[in-house]
Participant: 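Once you've had a glance at the structure underneath, I'll fire off some questions.
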Amino acid sequence: MSGIIASREAEIVEEFSLFDEWLDKYQHLIEMGQKLTGVDEAFRTDAYKVKGCQSQVWLQPGIENGLVVFRADSDAAITKGLVALMVRVLSGAPAVEIVASPLSFLEAIGLREHLSPTRSNGLVGMVKQMKLYAAAYASQEASHG
Amino acid sequence: MSGIIASREAEIVEEFSLFDEWLDKYQHLIEMGQKLTGVDEAFRTDAYKVKGCQSQVWLQPGIENGLVVFRADSDAAITKGLVALMVRVLSGAPAVEIVASPLSFLEAIGLREHLSPTRSNGLVGMVKQMKLYAAAYASQEASHG
Amino acid sequence: MSAFTPEEIQALRSRFPILGRTVHGKPLVYLDNAATSQMPNSVIEAVREFDRTKHANVHRGVHQLSQEATDVHEGSRDRLAKFLNARRREEIVLTRGCTESINLVANTWGRQNLRSKDVVLVSQIEHHANIVPWQLIGNQTGSTVVPIPVLDDTSLDQDAFLKLLEGAAGPVKLLAIQHVSNAFGTIHPVVEMIRLARARGIATLVDGAQSVPHFAVDVQALDCDFLVFSGHKMHAPTGTGVLYGKFEVLDALGPWQGGGDMIDKVSFSGTTFHEVPYRFEAGTPNFTAAAGFTAALDFLEEVGMEKIHDRDTELVAYAHQELSTVPGLKILGTHLPKAGVVSFVLDGIHPYDAGMFLDQMGIAVRTGHHCAQPAMERFGVPGTIRASFAMFTTETEIDTLVEGVRRVNKILGGR
Amino acid sequence: MSAFTPEEIQALRSRFPILGRTVHGKPLVYLDNAATSQMPNSVIEAVREFDRTKHANVHRGVHQLSQEATDVHEGSRDRLAKFLNARRREEIVLTRGCTESINLVANTWGRQNLRSKDVVLVSQIEHHANIVPWQLIGNQTGSTVVPIPVLDDTSLDQDAFLKLLEGAAGPVKLLAIQHVSNAFGTIHPVVEMIRLARARGIATLVDGAQSVPHFAVDVQALDCDFLVFSGHKMHAPTGTGVLYGKFEVLDALGPWQGGGDMIDKVSFSGTTFHEVPYRFEAGTPNFTAAAGFTAALDFLEEVGMEKIHDRDTELVAYAHQELSTVPGLKILGTHLPKAGVVSFVLDGIHPYDAGMFLDQMGIAVRTGHHCAQPAMERFGVPGTIRASFAMFTTETEIDTLVEGVRRVNKILGGR
Ligand SMILES: Cc1ncc(COP(=O)(O)O)c(C=O)c1O
Ligand SMILES: Cc1ncc(COP(=O)(O)O)c(C=O)c1O
């Protein structure tokens, strides 16, 4: 449980421990979303859309200096906050770490339910895409190196 | 409630009042069935068959001296007994009486359930056929007379 | 004067065990009745009692338990025939839900009667259940599905309807129309529309999913060929539904699903089928739920369909009035009369976000497209926030909703 | 040694409220478990508790109640996947029953894959649910349904099967076969038959209506493309059923019924569909019953599928032994192994009469063709008397049956 993802998760857990009230927590989440860079216009297409029944997510993956980077966006504020959380935790981490991460911090900050497969917000699909992308890159790296 | 059907019904109700036990009642019913003449061979065809899921009934209607007469048969003993009971009550009665009869004696002798539309013994269908036949004859008589 | 006294409403509420629940530590405010209604004690207990004492397979059994179960099951058919004022019990086909009922009509009547280029007319704000089955059968028959446009107040454009009836988009074979919009609550003038269609020899299907639970629907007065609806939206158990069809119409249809109970004689050289309605009821039916369906109809009639409708109208009026005072809020579906539903959007706020926040306050509303994506497209919104009512809804609950929406507005919209 | 001690059986019996009932003044002897099984308290109460506390429409709702209901509903899918040892939860399609499951396969896989003259192989003693859907789809595709004959002991004629596989009646595209005969109880060697079929590129469907309730069925070990069964035959509520399908196989299929939940995007210019399994689950599902299905699986696993099977075998052996002593009685289905069913005829006595008399003695057996008319024709009988067992059946109940049959013999057969 060491590594860049784990330390980022710990940071977030501490950050969220400040909030007793759900409202404060969600407001913090939404603010995180507001600060999100979003995706390039060229990526705001169906091909990069992760469909949810209720809200949409766009995901733009890339590689920088051998690390997997993500940019993402959503049309709903809460989803966008959750997206920002995921990007903050996973973007710029090594591919193998991304693949292996159980994202258990969501449990600790009381937001695990949003990642349940029965949620219709597109978030599960996004995490799946992120991991798939990282896995593909990791196996590519392994075979080249 | 006068008329030939009503008096036959009263007779049957008295007859069955002798039986305390279901077994005796059913044995009497089955004996009545055994004494049934059945239908002519020519009527033992699909055209005269009243379908039930569990047992079959054949019905042979006719007119004698301006009265509706029925002969009938079944492949199951209890159904045949019930068929015999119906023939005994309805056969040889005036068409209008047959059409009007509520056959309430079945209630009195505790066999009403066999005439429920959800029974799968073909009996409901038979009584329907009997009444339809009588109704057709009655209306024919009315228009001719 | 209100349809119910406050005491009567409290008495009604006490019959619904779920209303005693809390959500996120707040008392549940259940405003999602159009998605699924709640079950009163009498329905829950009727189901339980049936399973404890009469549970047995129906129709083919000669033993007592099977006879009793059959009486309950077939009794629900009788009860439904009476509830809808059908001419005969055989006009009631028991299905697993409104969706199955429509698919049944599409795969029997549709397959037999639709030809290439024929038009099935629906409304532009139809539930997917009354669009997709016609598209799927159209893939086989070559028929098309054409929407009757709606005006800005969500009422149907009657001029456009008349032109379509006259063949503007091709020969119309079927008018398949919702009685009440689940997305907006609008009650459509189906009696008049059916009259116009029938005068042109066009068959008619009414999707009563949102009308039958809310006011008395008389199939003879409607004079439609088919009426479909679900039990779970009218306080009955899930897995129940009804297809009403005129006897002559049903009688002319071949079967759809094959299996036990729907046959007359099965052999490898050829199979013949049972009479209506059994021809359409393949397999073991949901007989336990039938016990609950009867109890639900008893409940509705005891409360009174007229009172239910009156109360509904009061609640809609009150919700309209109170929600209109919220800045940035826009009600979709301003045409009256309406039944049980108020749908709205908040300027600059995604319905999903609003729904999530309202949920945290214990308020259960539905957000999203309400299985009516073309309706959302028509009004240029990703979805709406929909509050839907039952006879037990109170003005206080609507106040709580309005208060909640104001908070959402403040947090998310900065208003 | 018996699978259960007498005390264990009594403890089991006490969990089924219906067993406390009397019929015609006699204690109920329920020997109709193959038609529908009874529900233990835990299942009845799980349903009630769900409806009292979590009843809400699933999947699309963001509010807490809807989330909880969705967890219960989707939880039953997970539970079923585990129970059957499926590779993925997506391989479980929730239906209203075994019959709907088969019709779903016929109308998706069948329509896509069957061509004129293709053969669907079934057994000669198949349930109508696994004959008629193939006949109906055959009317559209030109494919035919061909029965594998059975020997006099009701086992399948394996030589004839091999010839049919090799194309004796035309090119075989699908082997659709019951695992256990509901009419006679015979367990067919489906593992070997599937292996033979697959080696020839033939698709396979197993009707597990009478096997899944009686012993552990592992879809990976079976290696079939499809497995179908009903909840109500395995202590779960009515209106529930399962279609298991291999993921790749399901994934290649288009939709059947249209409606809510099974779509991706609906528009009048064209509609796209949801992924597997939701593509096949149109409309509001029977989510209340799903709560009961999970409780039923818990019950079965708690009792233990192996013990259930062992007990079943004991009961069948005992019933065979005792019934054989009755004059004029002939058991149909002497081939072993069997599961849970003993079917017989009485010389010169109509099964209906026997059933009526047994009912008067409180004994619930099924009489008639058991939705397997071709099977009755094969053995030249109008029907049989069928006693079918559950894990709570006792030897004493079988004695009561045998005693009852003796009385019937005396009254109706003069023996
Ligand atoms: C107008 C309308 N039609 C059809 C349906 C489909 O009903 P069900 O999902 O119960 O089959 C619904 C329910 O959502 C509805 O509101
Ligand atoms: C072997 C078999 N297949 C299919 C079925 C049909 O099941 P259901 O009526 O529950 O759909 C049954 C039940 O009678 C059966 O025993």
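The analysis underlying the following values was restricted to heavy atoms, covering all of them including side chains, and did not include hydrogens, waters or symmetry mates. To find a chain, count down the sequence lines: A is the first, B the second, and so on, and within it residues start at 1.
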Participant: Can you tell which part of C:Ala289 gets under 4.5 Å to a heavy atom of chain D, answering side chain, backbone, both or neither?
Facilitator: backbone
Participant: Measure distances from C:Leu104 to the heavy atoms of chain D and classify the residue's part below 4.5 Å as side chain, backbone, both or neither.
Facilitator: neither
Participant: What part of C:Asp51 is in contact with chain D, defined as an atom under 4.5 angstrom from a non-hydrogen atom: side chain, backbone, both or neither?
Facilitator: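 Both backbone and side chain of C:Asp51 come within 4.5 Å of chain D.
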Participant: Give, as side chain, backbone, both or neither, the part of C:Phe273 having an atom under 4.5 angstrom from any heavy atom of chain D.
Facilitator: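 Only the side chain of C:Phe273 comes within 4.5 Å of chain D.
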Participant: Just checking, any donor-acceptor pair under 3.5 angstrom between side chains of D:Gln140 and C:Arg111?
Facilitator: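 Side chains of D:Gln140 and C:Arg111: pair found under 3.5 Å.
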Participant: In terms of side-chain heavy atoms, does D:Gln38 have a donor or acceptor partner in C:Arg52 at a distance below 3.5 Å?
Facilitator: no
Participant: If I measure from the heavy atoms of chain D, does C:Pro237 come under 4.5 Å with its side chain, its backbone, both, or neither?
Facilitator: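 Looking at C:Pro237, nothing touches chain D.
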Participant: In terms of relative ring orientation, are C:Trp256 and D:Trp256 parallel, tilted or perpendicular, with 30° and 60° separating the classes?
Facilitator: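 Aromatic pair C:Trp256/D:Trp256 classed tilted.
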Participant: Flag the one option from C:Thr99, C:Val132, C:Thr36, C:Val266 with the top tally of heavy-atom pairs under 4.5 Å to chain D.
Facilitator: C:Val266
Participant: To check you understand the geometry: which heavy-atom pair defines the closest contact between D:Gln135 and C:Ser267, and what is its length?
Facilitator: NE2-O, 2.9 Å
Participant: Indicate yes or no: does C:Arg21 engage D:Glu68 in a salt bridge with an N to O separation below 4.0 Å.
Facilitator: yes
Participant: First locate atom CG of C:Asp32, then atom NE2 of D:His63, and finally report the distance between them rounded to the nearest 0.5 Å.
Facilitator: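 Output value for this atom pair is 3.5 Å.
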